Amino acid sequence: MAWLQLLIAGLFEVVWATCLKLSDGFHKLGFASVTVIGMVLSFVFLTLAIKRLPMSLAYPIWTGIGAVGSVAVGVLLLGDRINPITWVFVAFLLIGLIGIKLTS
């Protein structure tokens, strides 16, 4: 259950980061509201997960899900362009996250 809560926390991190971009500096109230709600839910689920998981695992996985997810959303939905070599480093992040999970 803790791993599921951590995954949900990471997904909400992607939600709030995406909506932060779409809020246009908090000028669009709907996206600004979802940003704040996403932040709160992300922290709530991280808090629940970290009760049962070591902080040294939970926090890097939470931030990693947010980082990799934000790159994916930026490229696939927001039209961001990133350098091809950047994909190598995104893959390293993903490999690191999988490695942390498999070895814990």
Side-chain angles (χ1 to χ4, degrees):
M1 186 60 137
W3 286 104
L4 178 60
Q5 291 167 331
L6 186 58
L7 175 64
I8 293 169
L11 293 175
F12 274 117
E13 187 174 2
V14 175
V15 167
W16 77 252
T18 302
C19 289
L20 181 64
K21 169 71 174 172
L22 296 174
S23 76
D24 191 30
F26 272 71
H27 287 99
K28 296 180 180 175
L29 187 58
F31 287 117
S33 299
V34 175
T35 299
V36 173
I37 292 167
M39 286 177 171
V40 169
L41 289 173
S42 182
F43 277 101
V44 165
F45 280 98
L46 177 62
T47 300
L48 294 172
I50 216 163
K51 285 181 178 181
R52 291 177 209 79
L53 296 172
M55 188 271 305
S56 58
L57 296 176
Y59 183 76
I61 290 174
W62 175 65
T63 58
I65 292 169
V68 172
S70 294
V71 169
V73 168
V75 170
L76 297 173
L77 299 179
L78 302 178
D80 293 351
R81 296 184 155 280
I82 60 174
N83 188 313
I85 193 69
T86 304
W87 285 111
V88 173
F89 295 106
V90 171
F92 286 157
L93 276 171
L94 190 55
I95 290 166
L97 292 173
I98 292 168
I100 290 171
K101 169 61 174 116
L102 291 176
T103 59
S104 63

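For clarity, every value in this text was computed on a predicted model and none was experimentally measured.
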Evaluate the side-chain contact (heavy atoms from CB on, under 4.5 Å) criterion for residues Leu78 and Leu22: first the C-alpha distance (whole Å), next the side-chain angles of each, then the deciding distance (0.1 Å), finally the verdict.
CA-CA 9 Å; Leu78 302 178; Leu22 296 174; 3.8 Å; yes

Is the shortest side-chain heavy-atom distance between [X] and [Y] below 4.5 Å?
X: Lys51; Y: Gln5; answer: no
X: Val34; Y: Thr18; answer: no
X: Leu7; Y: Phe45; answer: no
X: Val36; Y: Phe26; answer: yes
X: Trp62; Y: Leu53; answer: no

Spacing of [X] atom [atom1] and [Y] atom [atom2] [to the nearest 0.5 Å]:
X: Cys19; Y: Met39; atom1: SG; atom2: CE; result: 10.5 Å
X: Leu6; Y: Ser42; atom1: CG; atom2: OG; result: 9.0 Å
X: Asp24; Y: Leu29; atom1: CG; atom2: CG; result: 13.0 Å
X: Ile82; Y: Trp87; atom1: CD1; atom2: CH2; result: 4.0 Å
X: Glu13; Y: Leu41; atom1: CD; atom2: CG; result: 13.0 Å
X: Asp80; Y: Lys21; atom1: CG; atom2: NZ; result: 6.5 Å

For a quick test of reading the model, state the closest non-hydrogen atom pair linking [X] to [Y] and the distance between them.
X: Ala58; Y: Ile50; answer: CB-CG1, 4.0 Å
X: Ala2; Y: Ala49; answer: O-CB, 3.4 Å
X: Thr47; Y: Phe43; answer: OG1-O, 2.7 Å

Taking only distance into account, with no hydrogens and no angle test, what donor-acceptor pairs under 3.5 Å do side-chain atoms of residues 91-104 form with protein atoms, sequence neighbours excluded?
from	atom 1	to	atom 2	distance (Å)
Thr103	OG1	Gly99	O	2.8
Thr103	OG1	Ile100	O	3.4
Ser104	OG	Ile100	O	3.3
Ser104	OG	Lys101	O	3.0

Please determine whether residues [X] and [Y] belong to a single hydrophobic cluster, defined as Ile, Leu, Val, Met, Phe, Trp and Tyr linked transitively by side-chain heavy-atom distances below 4.5 Å.
X: Trp3; Y: Val68; result: yes
X: Leu57; Y: Tyr59; result: yes
X: Leu77; Y: Val71; result: no
X: Ile37; Y: Leu48; result: yes

With sequence neighbours excluded, what pairs up with Trp16 under the ring-ring contact (aromatic ring centres under 6.0 Å, His included) test?
none

Tell me, with the steps shown, if Val40 and Phe12 meet side-chain contact (heavy atoms from CB on, under 4.5 Å).
CA-CA 9 Å; Val40 169; Phe12 274 117; over 6 Å; no

Steps toward side-chain contact (heavy atoms from CB on, under 4.5 Å) verdict (Ile65, Ile61)
CA-CA 6 Å; Ile65 292 169; Ile61 290 174; 3.8 Å; yes

Kindly say whether Ala32 contributes a backbone atom to a donor-acceptor pair with the side chain of Ser23 at under 3.5 angstrom?
no

